[in-house]
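So the structure is just underneath, and the comments pick up after that.
Letters A, B, ... are given to chains in the order of the sequence lines, protein chains preceding strands, and every chain is numbered from 1. Side chains are part of it too, since the values below use all heavy atoms of this structure and drop only hydrogens, waters and symmetry mates. Worth saying up front: this structure is predicted, and the values here are computed from it rather than measured.
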Amino acid sequence: MSLSTGVIGRIMQGEDVENPVLQILAIKRINSNVESERYRILISDGMYFNSYAMLASQLNHLHQAGDLEEFTIVRLDKYMTSLVGKEGVGKRVLIINELSVLKSGSEQKSKIGEPVTYENAKKTPAPAAPSIPTKKEPLFGNINSSKNNNNNNNNNNNTMNSTLNAGLTHPIASLSPYQNKWVIKARVTAKTAIRTWSNPRGEGKLFSMDLMDESGEIRATAFKEQCDKFYDLIQVDGVYYFSKCQLKPANKQYSQLKNDYEMTFTGETMVQMCEDEEDSIPEIKYDLVPISQVSNMENKAAVDTIGICKEVGELQTFTSRTTNKEFKKRDLTLVDMSNSAISLTLWGDDAVNFDGHVQPVILVKGTRINEFNGGKSLSLGGGSIMKINPDIPEAHKLRGWFDNGGGDNIANMVSARTGGGTFSADWLTLKDARERNLGSGDKPDYFQCKAVVHIVKQENAFYKACPQAECNKKVVDEGNDRYRCERCNQDFPNFKYRLLINLSIGDWTSNRWVTCFSEIGEQLLKHTAQEVGEALENDPPKAEQMFSGMNFSAHIFKLRCKNEVYGDMTRNKLTVQSVSPINYKDYNKHLIKELQQLTGIGSSN
DNA sequence: CCCCCCCC
């Protein structure tokens, strides 16, 4: 009995071939959903095979009756091809509606010819070597070269290799805890750093990754031994075969991936790099939103966007008040051609390693919106992806726009002004700030200015504060080496020093007394609050040295301005939100802009 | 088995 050699290539390009005779090489149920039982067939014409053939459900009984075994020869009496998946990344599937069995598999007993995937046939007219992986290097996980397999591993290898040889991988969307014999072929879209944990239930380490194929996405986590074993091997953007992971319901609270399940690597988990057919797994898809549009999106929504990192904030370290854990973060300001700016927060290593002074293009996927003071900002949380200077057309367009001055006059601030962090407050002179009655409204005003430190008061420059990490309340010195915190309602044998420094700063227009707290004080004095407090109490010459060291130093001050009422007195109070070294490029840009406004010379409009 | 991302 002969097959209709070569017809699969024609059928899959849309040609209507009448009654092709084909051979079934494998049949597999593609989901475990009781309501919708579907079978996927690996079917061959002796020259090409198609691993994306589906049995229409009205024919399921044929398989249940055992009529569609391996090697069965069938005639397709009615079939259709259909594009499944989203536009752009669709895959053509052969759906078999009616068929006749010409020869049973048990009678036929063997595969006819050495078929290759029809997708390859399109690229190379002459049939090439099979593109379905057989045994390829590099192999890792439990799939080793056949020579050093032990018996235990053979079973696993057989599952993976037979599936791969048959060209049958499972769509991610079909995975569930009720079925564990599967192999998926997926692109790694994100990988976390290795994280350790320690809690009453134990300790360990882990990393997790996001996997994607045409059908969907899923998160996978590797703990302890698996973490060590796979961390270096799994690379972002790579395509791999995965099998033998444990599926469990996903905790939607912690993941925005569209899957009801997530998976955990086990001792049997296998991962194999896929070097062929990578094209069949879609690239990561970004639903890029202009920054201006984020204003209209809901709090906590996930956002993909791209912008130029116009400003970079300092690395900040803080201790969470709720968990007492230490965090590192860095705020960036992204701008784009919607003439808008938004603040993006990076965490952990992303924050530590970020180099923003070159103003790179930043592409993010799955960042969370945080609402504050009516503004919106983005946070790169777990499950988010960031790409720096990605090689995509949008990035090049932005680069060109920005390098030609596109970001100089950003009109729309999507994030609230905080004065702290990176957010660019307006430039004002100290004189302007007073004359414009800044701080007289309900909310504080923020501005930045270039100023020099004139006088620093050493008196009352520190206080003794509650030693609890999350509390900075002044303690009551009970005189018996005990310190009481009223807020924590607790006695302590110790305290910590906090700074509260008054200093006079001046620019070319005026000078003002401003207040700064510990973090800023430590930065200006170049010593910790502890060192400063001890020096002030016990070593006045050393304190004098520290304090005089900051005299006449120039900085960019970001200031918070607010009227405060003391008794019947209203005072306009300035608090330092941040100090940073003068970035002359930025500062000159500001000066040139001022000059243009004053003179009307050199302004393009 | 993690799962924390504060504050303003």
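Remark: ring of A:F372 overlaps the six-membered base ring of B:dC8 in a stacked fashion, centroids less than 5.5 Å apart, planes less than 30° apart.
Rounding to whole angstrom units, CE of residue A:M209 and C1' of B:dC3 are separated by 16 Å. In this structure, the CE atom of A:M263 is 16 Å from the C1' atom of B:dC2, given to the nearest Å. Atoms CG (A:N472) and P (B:dC7) sit 14 Å apart, rounded to a whole Å. In this structure, NZ of A:K329 is placed 11 Å from P of B:dC8, rounded to the nearest angstrom. The interatomic distance linking A:Q316 (CD) with B:dC5 (P) rounds to 16 Å, in whole Å. Distance A:N370 CG to B:dC7 P: 10 Å, rounded to the nearest Å. In this structure, the CH2 atom of A:W197 is 20 Å from the C1' atom of B:dC5, given to the nearest Å. Distance CG (A:L206) to P (B:dC2): 8 Å, rounded to an integer number of Å.
The side chain of A:T221 lies closest to B:dC2 when the candidates are B:dC1, B:dC4, B:dC2.
Within the nucleic acid shown, A:N199 comes within 4.0 Å of sugar-phosphate atoms alone, with no base atom in reach, counting heavy atoms only. At the heavy-atom level, A:R195 lies under 4.0 Å from base atoms of the strands shown. If you check every strand for non-hydrogen atoms under 4.0 Å, A:K248 touches a base. At a threshold of 4.0 angstrom between heavy atoms, the contacts of A:E262 include nucleobase atoms, whether or not backbone atoms are also involved.
The base of B:dC3 lies close enough to the side chain of A:R219 for a donor and an acceptor atom to sit less than 3.5 Å apart.
Other residues, nucleotides and ligands place more than 12 heavy atoms under 6.0 Å from the NZ atom of A:K589. Counted within 6.0 Å of NZ on A:K464, heavy atoms from surrounding residues, nucleotides or ligands total more than 12; the atom is thus considered enclosed.
Remark: A:K329 engages A:D331 in a salt bridge (Lys or Arg N to Asp or Glu O under 4.0 Å) (not counting sequence neighbours).
Separation of atoms NE2 (A:H555) and CD1 (A:I520) is listed at 10.5 Å; rounding is to 0.5 Å.
Between A:R201 and A:S379, the one whose closest nucleotide on DNA chain B sits nearer the 5' end is A:R201.
Contact between the side-chain N/O atoms of A:K328 and the OP1/OP2 oxygens of B:dC6 is not found at any separation under 4.0 Å.
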